[in-house]
Amino acid sequence: MVPQHMELQKKLKVENFAEWFEQTTLHAMIYDYRFPVKGCGVWPGYGFKLRRNVLEVMRSLLDNSGHEECLFPLLIPRGLLEKEAEHVRSFQEEVFWVTMGGSSELGEKLALRPTSETAIMPMLKLWIRDYKDLPIKLYQVVSVFRYETKATHPMIRVREVTTFKEGHSAHATYEDAEKHVGEMVGLYKKFYEELCIPYIVSKRPNWDKFAGAICSIAFDTIMPDGRALQIGTVHHLGQNFSKPFDVKYLKPDGTHEYVWTTSYGISERVIAALIALHGDDRGLVIPPKVAPIQAVVIPIPYKGREGEVYEEAKKVYSELTSTGIRAIIDEDDEETPGSKFFKWELKGVPVRVEIGPRDIDRGVVTLVRRDTLERKSVARSELLTSFTALLDVLSNDMRSAAWKYLDERFYKVKSLDEAGELIKARRGIVEVPWCGRDECGSTLEDNTEARVLGSPLGAAAEKGKCISCDREASNSLRLAKTY
RNA sequence: GGGGCCGUAGGCUAGCUUGGUAGACUGCGAGGCUUGGGCCCUCGCGACCCAGGUUCAAAUCCUGGCGGCCCCA
């Protein structure tokens with residue numbers, strides 16, 4: 001039983017999310033935002049491991065779907081960056097430029113990539129000759145740089161995005177590219193499911209598409225402060241990039257056609273969402289799949305019985321690690337068990353394994369799950385099966401709790417007043433009937449102080465009237481405060 | 001883009017209005033005592049964001065920079 005005063009609290013997290021987030025990530029050694037350059041943070045060892053595990057999930061999904069991991073240069077010459085007119089217009093105010101080499105001015109200034117389409121296209125031009133070379137699917141995990149002028153937030157709005165996983169593909173036809181977009185949306189869904197992150201998929205409105213895309217599909221989730229956070233996007237780029245970069249292929253009939261490209265990305269915002277959605281006022285709660293440490297074994301020594309307690313704890317520890325479980329043992333005899341409990345709870349270790357004289361006498365071990373702090377004794381002889389089963393239960397419970405959280409903050413309303421109030425109170429995402437015209441979208445943004453996330457993918461016509469112009473609604477629009 | 005608040009040991013902070021020895025808690029190190037939810041005691045370590053200015057004297061007042069947070073567009 002968890003004592004009354006120790007019941008899970010989310011007061012700070014809910015009342016002052018920004019502070020909670022920065023403190024928790026710092027104290028748990030996930031992310032240190034004290035680096036003296038605006039919008040730049042550091043991943044210490046423990047956070048780096050979490051990041052690596054998250055990326056590992058993504059890598060395995062991509063590797064198993066025909067992608068190859070590549071690495072393109074950080075520097076993009078101005079001429080390339082500016083080839084696609086709309087792309088450059090959108091990014092020009094947020095590009096960092098390298099203008100000097102030592103003390104001499106560069107002839108052509110070099111951009112720190114804000115994203116890599118313009119670095120990849122010239123190489124595709126060299127690599128693609130005929131239809132047999134298509135499709136090409138590649139990705140890289142790199143830093144990208146954006147000179148954010150608005151407020152920056154640790155991990156959420158940064159100037160160096162350190163964990164930019166960008167996928168790029170080239171196809172022979174519009175339809176192939178379109179199909180690939182659908183597959184990548186499916187791949188991202190799997191990714192978020194693995195991380196226990198709930199999401200809403202929207203087709204971004206025309207005025208908020210990725211610069212140069214013909215269609216942008218975005219994943220959003222809801223943070224504890226009620227704002228929506230974009231955690232992934234998939235873009236159909238059409239021939240908007242292949243034309244200016246002159247990337248053509250030879251078709252079987254002997255003619256040439258420009259390739260059709262797509263791009264899709266996620267960033268460390270995914271990790272921010274994971275932390276924000278699962279954490280509580282004791283610290284992190286990390287889904288077992290990506291937890292740097294899945295189990296911490298804590299011996300509870302008593303005077304006279306220290307020897308056997310430590311010995312048993314070690315046995316349990318090696319049993320766990322021998323099956324590939326990421327376990328550690330905290331044998332520090334200078335620190336009390338209680339203090340260790342708090343320490344590892346802060347770090348979000350999914351399961352704590354306690355071994356004391358009482359357990360030894362009864363032939364059991366005590367398992368405590370991090371999400372609910374529920375404690376139970378399991379037979380010593382069945383440790384491994386009980387443990388793995390518990391990890392599964394924990395993952396599933398975390399996933400459903402997070403989905404429940406999102407579902408409760410997703411509102412479908414029919415009136416502008418209602419929408420406005422929900423947005424103003426920062427209750428989450430609001431979906432309203434919409435006539436489908438861009439002008440009503442921007443009117444709504446003005447009237448509700450919200451941003452338009454977009455509309456459902458392939459939704460049937462919404463019944464009702466557009467809440468902006470009162471015309472018959474043909475679709476829905478999602479609105480929210482955003483980051 | 002506009003407005004406001006703020007920056008003190010690794011962390012959280014007191015002191016600033018009214019200029020004059022920077023204090024607590026936590027952490028870290030040593031020792032003792034303990035250990036099923038942050039024990040306690042002793043000793044030690046550790047800080048005024050940066051650059052100018054005012055002043056006999058600046059953490060404190062002024063200007064600028066860097067950095068952080070909040071609100072509004």
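Here is the naming used below: chain letters follow the sequence lines, and residue numbers restart at 1 for every chain.
For the P atom pair drawn from B:C40 and B:G3, the interatomic distance equals 49 Å after rounding to whole Å. Straight-line distance between the P atoms of B:U17 and B:C71: roughly 30 Å, to the nearest whole Å. Using atom P as the reference point in both B:C16 and B:U21, the two lie 12 Å apart (nearest Å). As rounded to the nearest Å, B:A51 and B:C43 have C1' atoms that lie 40 Å from one another. The gap from the P atom of B:C45 to that of B:G67 amounts to 35 Å, rounded to the nearest Å.
For the pair A:R157 and A:Y483, the NZ or CZ position fails the cation-pi test of under 6.0 Å to the six-membered ring centre and within 45 degrees of the ring normal.
In a base pair of the Watson-Crick type (N1 to N3 plus N6-O4 or O6-N4) or a G-U wobble (N1-O2 and O6-N3), with each distance short of 3.5 Å, B:C5 is matched with B:G68. In this structure B:C16 sits in no base pair that meets the Watson-Crick or G-U test at under 3.5 Å. Both distances falling under 3.5 Å, in either a Watson-Crick or a G-U wobble arrangement, place B:G27 opposite B:C45. Searching all strands for a Watson-Crick or G-U wobble partner of B:C61 with both distances below 3.5 Å returns B:G53. With a cut-off of 3.5 Å on both Watson-Crick or G-U wobble distances, the partner of B:A22 is given as none. Judged by Watson-Crick or G-U wobble contacts below 3.5 Å, the nucleotide B:C40 has B:G32 as its partner.
Ion pairing between A:K314 and A:E331 holds under the 4.0 Å rule for side-chain N and carboxylate O. A salt bridge links A:D397 and A:R369; the closest N-O separation between the charged side-chain nitrogens and carboxylate oxygens is under 4.0 Å.
Each of B:G37, B:C69, B:U35 was ranked by its minimum atom distance to the side chain of A:R282; first place goes to B:G37. With distances taken from any side-chain atom of A:Y33 to the nucleotides B:G10, B:G38, B:C69, the minimum falls on B:C69. In the set B:C72, B:C69, B:U35, the nucleotide with an atom closest to the side chain of A:P337 is B:U35. You'll find that the side chain of A:S339 is closest to B:C39, out of B:C72, B:C70, B:C39. Here B:C72 is the nucleotide among B:G11, B:C69, B:C72 with the atom lying nearest to any side-chain atom of A:K481. Among B:G36, B:G10, B:U35, the nucleotide with an atom closest to any side-chain atom of A:R34 is B:G10. Out of B:G68, B:G36, B:U34, the shortest distance to the side chain of A:T152 is found at B:G68. Of the listed nucleotides (B:G36, B:C71, B:C69), B:C71 has the atom at the smallest distance from the side chain of A:R426.
The distance from atom CD1 of A:I300 to atom C1' of B:G38 is 14 Å, rounded to the nearest whole Å. In this structure, A:L26 atom CG and B:G68 atom P are separated by 14 Å, rounded to whole Å. If you take CE of A:M155 and P of B:G68, they are 15 Å apart, rounded to a whole angstrom. With rounding to whole Å, A:I298 atom CD1 is found 12 Å from B:U35 atom C1'. As a whole-Å value, the separation of A:E19 CD from B:C70 P is 10 Å. Between A:K340 atom NZ and B:G27 atom C1' there is a gap of 18 Å when expressed in whole angstrom units. Between the C1' atom of B:G37 and the CZ atom of A:R370 lies a distance of 13 Å, rounded to the nearest Å. Atoms CZ (A:R305) and P (B:G36) sit 15 Å apart, rounded to a whole Å.
The aromatic rings of A:F96 and A:Y147 sit perpendicular, their planes meeting at an angle over 60°, well past the 30° parallel limit. In this structure, A:F21 and A:F17 have tilted ring planes: the angle between them lies in the 30° to 60° band.
Residue ring and nucleobase are not stacked for A:F341 and B:G37 under a centre distance beneath 5.5 angstrom and an angle between planes beneath 30°.
No donor-acceptor distance shorter than 3.5 angstrom exists from the side chain of A:E312 to the backbone of A:Y310, with no hydrogens or angles considered.
With hydrogens and angles ignored, a donor-acceptor pair closer than 3.5 Å exists between the side chain of A:R352 and the base of B:G37. A donor N or O paired with an acceptor N or O is found under 3.5 Å between the base of B:G37 and the side-chain atoms of A:R375.
A:T149 comes within 4.0 angstrom of sugar-phosphate atoms only, judged by non-hydrogen atoms across all strands, and of no base. Residue-level contact check: A:P357 touches the bases, meaning some heavy atom is under 4.0 Å from a base atom. A:K303 comes within 4.0 angstrom of the backbone, heavy atoms only, and of no base. Looking at heavy-atom distances under 4.0 Å, A:G39 makes contact with sugar-phosphate atoms alone, never a base. Base contact: A:E345 has a heavy atom under 4.0 Å from a base atom. In this structure, A:E449 reaches the sugar-phosphate backbone alone: every heavy-atom distance under 4.0 Å involves primed, P, OP1 or OP2 atoms, never a base.
Listed pair A:Q23 / B:G11 fails the phosphate criterion, with no side-chain N or O lying under 4.0 Å from OP1 or OP2. Distances shown here put every side-chain N or O of A:T336 at or beyond 4.0 Å from the OP1 or OP2 atom of B:U34.
Using modelled atom types and a 3.5 Å distance limit, the side chains of A:E93 and A:T149 yield no donor-acceptor pair.
Looking at heavy atoms from C-beta onward, A:Y33 lies out of side-chain contact with A:L26 at the 4.5 angstrom threshold.
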